[in-house]
Amino acid sequence: MLDNTIGILGAGNIGQAVADKAVRRGHEVLIGNSRGPQTLRAVVRQLGPKAHAVTAQEAAQPDLVFLAVPFFAVPDLAGLTDWSGKIVVDTTNQFATANPWQGRYDVGDRTGSEWVAEHLAGARIVKAFNTLFAAFIAADPRHAEGRQVVFYAGDNADAKAEVAALLGEFGFAALDLGGLRAGGQLMQLDGPLNAKHFLLQDVG
């Protein structure tokens with residue numbers, strides 16, 4: 001990574017699970033949400049001294065940022081920073097509201113991450129973690145039967161390589177599904193890999 005700091009936008013179950021993985025491996029984490037850092041004091045106390053409650057704008061500053069906000073909130077993030085060149089790990093799913101049973105956000109014939117890329121101009125988007133339930137992200141990815149698989153997709157090879165290395169550092173088995181179009185179609189809500197949880201047995 002370009003530095004040791006990771007930004008996380010969103011402090012729900014997925015944001016906290018990613019933050020926990022990062023701080024356990026020595027990364028400084030800036031975690032922010034729409035309600036302000038004062039609402040995250042208990043979260044960062046639990047995560048430890050490498051986690052810092054900040055504004056959403058501050059959480060968007062590192063070179064690598066995880067998006068763990070509701071899908072419909074993504075347009076609100078456009079003005080937080082200059083997204084050009086940043087690696088953004090998109091963990092979102094296309095839910096239209098906070099209630100996942102109330103339908104899917106219409107993005108036309110685009111995948112969700114292609115739509116995210118349009119709103120965060122210049123960012124290098126890598127789709128990851130959205131196919132897993134949050135409990136599987138929070139748990140130890142290493143099992144006697146193998147490592148928890150995390151699928152990822154993106155259109156920038158360098159960004160994908162950096163994210164894959166980080167996922168491996170977290171203990172996951174990272175599997176590349178290609179670009180945001182083909183890979184995203186496999187991973188999105190109606191895709192064949194959504195909510196599928198696999199283990200990869202290490203050989204050798």
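The figures here come from the full heavy-atom set of this structure, side chains too, leaving out hydrogens, waters and symmetry mates.
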Co-membership, hydrophobic cluster, residues [X] and [Y], 4.5 Å side-chain:
X	Y	answer
Y152	I87	yes
V65	F71	yes
I14	V88	no
W83	L180	yes
L64	I125	no

Looking only at heavy atoms, what is the nearest atom pair of [X] and [Y], with distance?
X	Y	value
L132	Q148	CD2-NE2, 3.8 Å
A56	L80	O-CD1, 3.9 Å
R147	F172	NH1-O, 3.0 Å
Q188	N194	O-CB, 3.2 Å
A51	L47	CB-CB, 3.6 Å
P62	G7	CG-N, 3.6 Å

query: Between the side chains of E58 and H52, does any donor sit under 3.5 Å from an acceptor?
result: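 Short answer, no.
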Backbone N/O of [Y] and side chain of [X]: donor-acceptor pair under 3.5 Å:
X	Y	answer
T91	F129	no
Q38	R35	yes
N93	F95	no
Q201	E145	no
R104	L189	no
K127	T92	yes
E162	D158	no
K160	G178	yes
N33	G36	yes
D20	A138	no

Has [X] got more than 12 heavy atoms of other residues, nucleotides or ligands less than 6.0 Å from its [atom1]?
X	atom1	answer
E118	CD	yes
N13	CG	no
R24	CZ	no

Please report the interatomic distance [atom1]([X]) to [atom2]([Y]), rounded to the nearest 0.5 Å.
X	Y	atom1	atom2	result
R124	D155	CZ	CG	12.5 Å
D109	E114	CG	CD	8.0 Å
I31	T55	CD1	OG1	12.5 Å
R181	L186	CZ	CG	12.0 Å

Parallel, tilted or perpendicular: rings of F133 and H197 (30°, 60°):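 Tilted: the ring planes of H197 and F133 meet at 30° to 60°.
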- prompt: Is there side-chain contact between L67 and L77, with heavy atoms separated by less than 4.5 Å?
  reply: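 Sidechains of L77 and L67: in contact.
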- request: Report yes if some heavy atom in the side chain of N130 is under 4.5 Å from a heavy atom in the side chain of M187; otherwise report no.
  value: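 Contact flag for N130/M187 side chains = yes.
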message: Run the side chain to side chain contact (heavy atoms under 4.5 Å, CB included) test on T81 and K86 for me, step by step, so that the C-alpha distance in whole Å, both residues' side-chain angles and the decisive distance to 0.1 Å come before the verdict.
response: CA-CA 10 Å; T81 187; K86 291 183 184 293; 3.6 Å; yes
- request: Evaluate side chain to side chain contact (heavy atoms under 4.5 Å, CB included) for L30 paired with E28, printing each intermediate quantity in order.
  value: CA-CA 7 Å; L30 305 181; E28 299 287 333; 5.9 Å; no
side-chain hydrogen bond (donor to acceptor under 3.5 Å, both in side chains) between S34 and D76, worked out: CA-CA 10 Å; S34 61; D76 298 333; over 6 Å; no
- prompt: Stepwise, does the side chain to side chain contact (heavy atoms under 4.5 Å, CB included) test hold for F198 with L193?
  reply: CA-CA 10 Å; F198 301 100; L193 297 178; 4.2 Å; yes
message: Apply side chain to side chain contact (heavy atoms under 4.5 Å, CB included) to residues L166 and I6 and explain how you reach the verdict.
response: CA-CA 11 Å; L166 183 63; I6 293 173; 4.0 Å; yes
